[in-house]
Peer 1: 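Pasting a structure here, questions to come.
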Amino acid sequence: MSERNVQQEIHDTVTQNPVVLFMKGSASFPMCGFSAAAVQLLKNCDAQFVTVNVLEDQDIRQGIKDYANWPTIPQLYIKGEFIGGSDIMKELYATGELQQQLAALK
Amino acid sequence: MDVSEEISRRLAVLAPESIDVHDDSAAHAGHAGAASGGGHFELTVVSAVFAGQSALARHRQVYTLLADLIPSRIHALQIRALSPDEF
């Protein structure tokens, strides 16, 4: 079996889906307050998004931190671009930028 | 080592006009992530360094300065990184 290429997997995930949230738990059952807040913000924007539960995959959990060079989860990606964690999402939501970026995808 | 003090000490290189670190660990004691021993902190730091920078760039600078404390000492960190005119 060939060695798993986690960075390639992550790259494929974030480029093949317009909006991806790497989080702890699922959108229905977030396992962390920050992940829950991130999901809520996306829902407030009526965004279509996919989530990746890092608690189910330790390779992805570490790999996503390396991918973005960002030490914490949740992490939001729009069209392959790393946007930020829950604090940044909150700031972008407050200024309306998050809504704009997500609306531009529709 | 008091982690709150250590955070303030590390961020001194940003020459902050104001810095506030709130240890919110007690509110999260017992949940799964807290078991690792790292604390929850809320940081507000005001520095002229942040003027003209995106939120992403600001947070990256903070994370870089604290890198080796995450996640062993810091499990979660809420960051408000502001320039003086935003404060």
Side-chain angles (χ1 to χ4, degrees), chain A residues 14 20-26 29-41 53-58 60-102, chain B residues 3 6-7 10-11 19-46 50-83 85-87:
Chain A
V14 300
V20 184
L21 183 71
F22 289 80
M23 63 178 288
K24 295 181 178 175
S26 66
F29 293 100
M31 301 292 285
C32 152
F34 301 104
S35 289
V39 166
Q40 193 56 52
L41 288 171
N53 181 359
V54 302
L55 296 179
E56 289 178 345
D57 191 327
Q58 287 303 312
I60 296 289
R61 184 176 184 172
Q62 182 55 47
I64 194 64
K65 295 178 183 177
D66 298 334
Y67 185 79
N69 186 27
W70 190 263
T72 56
I73 290 158
Q75 293 186 10
L76 176 69
Y77 293 79
I78 298 179
K79 289 169 75 177
E81 184 193 351
F82 175 55
I83 303 300
S86 65
D87 291 332
I88 289 179
M89 289 175 68
K90 237 177 277 175
E91 287 181 30
L92 295 176
Y93 184 76
T95 60
E97 287 172 66
L98 186 63
Q99 296 88 320
Q100 280 175 16
Q101 288 200 38
L102 291 166
Chain B
V3 179
E6 181 66 13
I7 292 171
R10 298 281 185 96
L11 299 184
I19 183 164
D20 177 65
V21 184
H22 175 65
D23 185 343
D24 199 31
S25 303
H28 300 273
H31 95 60
S36 65
H40 286 64
F41 299 90
E42 292 177 15
L43 165 70
T44 301
V45 55
V46 182
F50 296 136
Q53 289 187 347
S54 69
L56 201 60
R58 297 174 186 193
H59 286 227
R60 273 199 200 287
Q61 285 186 71
V62 172
Y63 281 140
T64 300
L65 293 168
L66 302 177
D68 58 300
L69 302 176
I70 304 170
S72 59
R73 305 305 304 264
I74 301 171
H75 166 69
L77 180 64
Q78 278 178 272
I79 302 174
R80 287 178 73 220
L82 307 171
S83 65
D85 61 328
E86 293 166 337
F87 186 53

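Order of the sequence lines fixes the chain letters, A, B, ..., with proteins taken first and strands second; residue numbering starts at 1 for each chain.
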Peer 1: Which atoms of Ile70(B) are under 4.5 Å from chain A, going by heavy atoms: the side chain, the backbone, both sets, or neither?
Peer 2: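 Side chain of Ile70(B) only, per the 4.5 Å heavy-atom cut-off to chain A.
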Peer 1: Please walk me through it: do Val3(B) and Asp23(B) pass side-chain contact (heavy atoms from CB on, under 4.5 Å)?
Peer 2: CA-CA 9 Å; Val3(B) 179; Asp23(B) 185 343; over 6 Å; no
Peer 1: What's the separation between atom CG in Leu98(A) and atom CD1 in Ile78(A), rounded to the nearest 0.5 Å?
Peer 2: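 Here the rounded value is 5.5 Å.
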Peer 1: In Å, rounded to the nearest 0.5 Å, how long is the span from CG of Leu65(B) to CD1 of Ile7(B)?
Peer 2: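 Rounded to the nearest 0.5 Å, the CG-CD1 separation comes to 11.5 Å.
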Peer 1: Phe82(A) versus chain B, heavy atoms under 4.5 Å apart: side chain, backbone, both or neither?
Peer 2: both
Peer 1: Can you name the closest pair of heavy atoms from Leu21(A) and Pro74(A) and give their distance?
Peer 2: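 Looks like CD1-CB, 4.0 Å.
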Peer 1: Please report the shortest heavy-atom distance between Met89(A) and Ala38(A), naming the atom on each side.
Peer 2: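 Distance-wise, the nearest heavy atoms are CE-O, 3.5 Å.
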Peer 1: Does the side chain of Val21(B) reach to within under 4.5 Å of the side chain of Leu11(B), using non-hydrogen atoms?
Peer 2: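 No, their side chains stay 4.5 Å or more apart.
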Peer 1: Please look at Leu66(B) and chain A and tell me whether the side chain, the backbone, both or neither of the residue comes under 4.5 angstrom of a heavy atom of that chain.
Peer 2: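 No part of Leu66(B) comes within 4.5 Å of chain A.
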Peer 1: Which atom names give the shortest non-hydrogen contact between Val14(A) and Val20(A), and what distance separates them?
Peer 2: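 That closest heavy-atom pairing would be CA-CG2, 4.0 Å.
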Peer 1: What part of Ile73(A) gets within 4.5 angstrom of chain B, counting heavy atoms only: side chain, backbone, both, or neither?
Peer 2: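 No part of Ile73(A) comes within 4.5 Å of chain B.
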Peer 1: Could you list each donor and acceptor atom pair linking chain B to chain A at less than 3.5 Å?
Peer 2:
residue, atom, partner, partner atom, Å
Arg60(B), NH1, Ala68(A), O, 2.9
Arg60(B), NH1, Asn69(A), O, 2.7
Arg60(B), NH2, Ala68(A), O, 3.2
Tyr63(B), OH, Thr72(A), OG1, 2.9
Ile79(B), N, Asp87(A), OD2, 2.6

